[in-house]
Number of protein chains: 2
Amino acid sequence: MADAGSGRAGRVRAFEGVLARIEERIAADGLTVGDRLPGERQLAEQLQVSRSSVREAIRVLESLGVVSSQVGRGPDAGAVLTSRPADALGGLLRLHLGIATLSMREVVDARLMIEQWSAQRAARSGMALDTMERALAAMDTAAGPEEFVEHDVVFHSAIVEASGNRLTSAFTQALRDAVRHFAVAAVARAGDTGDLQADHRRIHRAIADGDADAAVAAIAVHLARAYPPGTES
Amino acid sequence: MADAGSGRAGRVRAFEGVLARIEERIAADGLTVGDRLPGERQLAEQLQVSRSSVREAIRVLESLGVVSSQVGRGPDAGAVLTSRPADALGGLLRLHLGIATLSMREVVDARLMIEQWSAQRAARSGMALDTMERALAAMDTAAGPEEFVEHDVVFHSAIVEASGNRLTSAFTQALRDAVRHFAVAAVARAGDTGDLQADHRRIHRAIADGDADAAVAAIAVHLARAYPPGTES
DNA sequence: ATCTCGGTATGGTCTGACCATATTTGGTAC
DNA sequence: GTACCAAATATGGTCAGACCATACCGAGAT
């Protein structure tokens, strides 16, 4: 894509041309979520490439979370523009963790950055408090590590979503997806979730009080406890 | 991918199965950057699917920045594991900006978060100062907006890279890619880059002095100037 | 030792076929 | 007229097989 218009020597593969054309069309026609792309056969004819190349391009768009394919017939069938950046980010992070180009520490560090930033804002806006309270109660009565972590994600996500920034929200969700396995294992290993819940209540209290500094500090303590240094693969 | 192992009713497409198997193999064999995947024909036979399905899976991996395909023959040919998260993130952000599910403000906000975070750390470590100085000098003598922005990216990237977190670095690079067009346009419109350079020097001074608070404030001022509210599409 | 040229493995592309799914359409029974 | 059921159809999903361009590999000639 970045090569499409530049003067690089590299030959542009057919599916890359298709990608560029689709992106152009999205911009030119102002397509947005819910709009449909032409069918694969039709696109192939329009762009003078094979259906295979069109399919590869659509597969890329799907993997980046901007298109969703539906089989069958009717208004909802075909390639529809969607917006699932978190799914795409999640897969991306998971794969890069898998080939060891990203370390656990970097991922947790990024989480710390986003959550502290969001908590500062949440402390000023006072939003998300009731969602946090519900998640706290649900964690108290959670049956096992999986269920605990599920509500834990809701708790932390609420803080980030209060900032109203879909990019950081998506990023957080992706980070949580990528480390969900470790989180469940850590909770199961610890057995007692009392410390974690105490952290959560401290965070909630700080945001409710509008004390941004205390919220930042509480989150640092919490993440250090949940992912102690040395927590790897 | 997320559906691969769950009990969802949705049928798993062939290429999704291929993706899952490749991911398993990466984890099981501990494959990392530089290692090669089997050829498309060989993979197709091993996994009992058509070559088209294998190709779609590899296309996805390529779009997520974990694989790079080389034609020809020899040790470097075929699908090689790589690590280009920034490229993948860049395309992802650009597309989502295109379909209007992310706003300019959210992107700039995220940049502000990362750069402030990084600057705090840089102020403590004192790294990246010489790279920043070289970029400052290069911006002074830049011929046009494009060249100015090029060195501007180097300047800001140096701050983030000083944190040593490849995830935030990749994210920053992706954000810069996504907004490069706007940045060039803004510089061209302003004409005079004196204010921007003054901001840059304030940021550099604060980091050199180890004054984290001043660095955070200087970055806030700079980004507010470079992307004033109302800067949209 | 070096050069040359054919062999070969690789990804890239195309064609054409068939399948599965889901809607649309039209006919039929009531 | 209404309700229901079956055929037509448009869509993505998959496959098989072919051919091309590329780039290394290696045998032979010099």
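Numbers restart at 1 for each chain; the letters A, B, ... are given by sequence-line order, proteins then strands.
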The criterion is side-chain hydrogen bond (donor to acceptor under 3.5 Å, both in side chains); which residues satisfy it with [X], sequence neighbours excluded?
| X | value |
| --- | --- |
| Glu146(A) | none |
| Ser157(B) | none |
| Glu40(B) | Arg51(B), Arg55(B) |

#### Entry: Segment of DNA chain C, first to last nucleotide, that comes within the 4.0 Å heavy-atom reach of chain A
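From 5' to 3', the first and last contacting nucleotides are dG12(C) to dT24(C).
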Provide a list of protein-nucleic acid N or O atom pairs under 3.5 angstrom, restricted to nucleotides 22-26 of chain D.
from, atom 1, to, atom 2, distance (Å)
dC24(D), O4', Arg73(B), O, 3.0

### Task
Kindly compute the distance separating CD1 (Ile58(A)) from CG (Leu37(A)), expressed to the nearest 0.5 Å.
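Those atoms lie 6.0 Å apart.
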### Message
For residues 168-184 of chain A, which residue pairs pass the salt bridge (charged side-chain N to carboxylate O under 4.0 Å, His left out) check, not counting sequence neighbours?
### Response
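Only Asp152(A)-Arg176(A), Asp177(A)-Arg180(A) qualify under salt bridge (charged side-chain N to carboxylate O under 4.0 Å, His left out).
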#### Entry: Residues within residues 49-57 of chain B bordering DNA chain C, heavy-atom distance below 4.0 Å
Arg51(B), Arg55(B)
### Query
Heavy-atom contacts under 4.0 Å between residues 29-43 of chain B and DNA chain D, which residues?
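Nucleic-acid contacts, sorted: Arg41(B).
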Could you pull out every donor-acceptor pair under 3.5 Å between side chains of residues 69-76 of chain B and any protein atom, sequence neighbours left out?
from, atom 1, to, atom 2, distance (Å)
Ser69(B), OG, Glu62(B), OE1, 3.4
Gln70(B), NE2, Ser68(B), OG, 3.0

### Query
Hey, which of Arg111(A), Arg105(A), His222(A) is the one that makes side chain to side chain donor-acceptor pair (under 3.5 Å) with Tyr227(A)?
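The residue from Arg111(A), Arg105(A), His222(A) that satisfies side chain to side chain donor-acceptor pair (under 3.5 Å) with Tyr227(A) turns out to be Arg111(A).
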## Note on the structure
Residue set satisfying side chain to side chain contact (heavy atoms under 4.5 Å, CB included) with Leu97(B), at least two apart, ordered chain then number -> Leu102(B), Val107(B), Ala178(B)
Show me the donor-acceptor pairs within less than 3.5 Å that the side chains of residues 134-141 of chain B make with the rest of the protein, sequence neighbours left out.
from, atom 1, to, atom 2, distance (Å)
Asp140(B), OD1, Gln197(B), NE2, 2.9
Asp140(B), OD2, Arg201(B), NH2, 2.8
Thr141(B), OG1, Ala138(B), O, 3.3

### Task
Not counting sequence neighbours, list each pair that qualifies as a ring-ring contact (aromatic ring centres under 6.0 Å, His included) and has a residue in residues 162-181 of chain A.
Phe171(A)-Phe171(B)
### Task
Heavy atoms only: give me the nearest Ala226(B)-Ala186(B) pair and the separation to one decimal.
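Taking every non-hydrogen atom into account, O-CB, 4.3 Å.
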#### Entry: Backbone N/O of Arg166(A) and side chain of Ser169(A): donor-acceptor pair under 3.5 Å
no
